[in-house]
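Quantities reported herein were computed from a predicted structural model and do not represent experimental measurements.
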Number of protein chains: 2
Amino acid sequence: MNVFGDYVRQRRLELQETDAAFSLRKVAAAIDVEPSYLSKIERGEQPPPGEKTIIALAKELGEDPDALLALAGKVSEELLAIIRKRPKLFAQLIRDLKNMPDHAVLRLVREVRDGNW
Amino acid sequence: MNVFGDYVRQRRLELQETDAAFSLRKVAAAIDVEPSYLSKIERGEQPPPGEKTIIALAKELGEDPDALLALAGKVSEELLAIIRKRPKLFAQLIRDLKNMPDHAVLRLVREVRDGNW
DNA sequence: TGTAGTGTGTAGTATATACTACACACATGA
DNA sequence: TCATGTGTGTAGTATATACTACACACTACA
């Protein structure tokens with residue numbers, strides 16, 4: 001049950017096939033952690049790293065930071081801060097959307113974005 | 001800058017004026033922590049407690065759990081789990097709503113709730 | 001005057017989080 | 001054959017989180 005590590009390793013190996021800059025050591029250097037640490041994370045011997053490291057990793061691998069954070073069981077501090085400013089409002093909205101299908105939520109996102117509000 | 005503790009103490013003292021069940025010791029017992037710990041939290045000598053304790057405290061004081069968690073700089077695990085299931089969708093929605101006024105978000109909540117979706 | 005209740009002070013503990021430092025074994029090409 | 005690069009194993013560290021246990025001083029009232 002090592003979703004995060006497995007996912008990262010798979011993505012990295014894919015990229016490594018065509019670009020030597022994606023060896024474990026190179027990636028570790030790019031995101032500023034020890035190679036052994038990244039190795040352990042990929043193999044699930046260590047839990048996922050902290051938010052900053054995950055976001056750096058996402059950028060390095062061309063992944064969506066929020067999605068990668070989610071795989072690590074986290075939600076970005078930036079989003080949490082937004083929620084904490086109006087906790088009741090956002091709590092209700094999120095709970096109400098819990099069981100809505102993706103397309104409904106997406107429609108909502110678009111309407112908000114289009115500014116009919 | 002002890003928002004959480006100050007707020008809790010104020011609420012508790014208000015309630016204590018008309019009901020002796022809201023002494024520090026009684027409340028501590030009700031939420032299952034040591035009195036000295038609650039005392040320190042109220043005075044800001046200790047950071048806010050964990051989620052479970054905050055929710056128990058909110059119930060005891062008749063406060064909104066999400067609001068009290070927010071004062072403690074937290075967001076409930078329950079909401080986080082919902083977000084983590086569809087991280088990209090929720091991330092976008094939350095960021096888009098960041099600068100919307102309350103009434104706009106509220107209108108959205110109501111529309112969702114009324115099930116025009 | 002003692003006992004019941006109030007809040008507080010002191011001194012810890014267990015567990016989790018987020019890593020570092022360095023040595024090791026294997027492969028590959030020059 | 002040896003320098004370079006690959007991933008991994010071992011053994012730690014610093015800091016934060018979330019508390020407990022118990023003694024102490026003060027107040028009120030019976």
Please work out if [X] contacts a base, only the sugar-phosphate, or nothing of the nucleic acid, heavy-atom cut-off 4.0 Å.
| X | value |
| --- | --- |
| A/Q16 | sugar-phosphate |
| B/K74 | sugar-phosphate |
| B/S36 | base |

Considering all heavy atoms, the nearest [X]-[Y] contact:
| X | Y | result |
| --- | --- | --- |
| A/N2 | A/R43 | ND2-C, 3.3 Å |
| A/G50 | A/K74 | CA-NZ, 4.1 Å |
| B/P49 | B/I54 | O-CD1, 3.4 Å |

Quiz item: Between A/R95 and B/E78, is there a salt bridge with N-O shorter than 4.0 Å?
Solution: yes

Quiz item: Is A/E45 salt-bridged to A/K40, cutoff N-O under 4.0 Å?
Solution: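 No salt bridge links A/E45 with A/K40.
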
Quiz prompt | Range on DNA chain C touched by chain B, heavy atoms, distance below 4.0 Å | solution = C/dT6 to C/dA11

Quiz item: For B/R25 and D/dA25, what is the distance between atoms CZ and P respectively, to the nearest whole Å?
Solution: 15 Å

Quiz item: D/dA25 C1' sits how many Å from B/L24 CG, rounded?
Solution: 15 Å

Practice problem: Could you tell me whether the side chain of B/E51 and the main chain of B/E77 form a donor-acceptor pair under 3.5 Å? | Solution: yes

Quiz item: Taking for each residue the nucleotide of DNA chain C bearing the nearest heavy atom, is the 5' side occupied by A/P47 or by B/F22?
Solution: B/F22

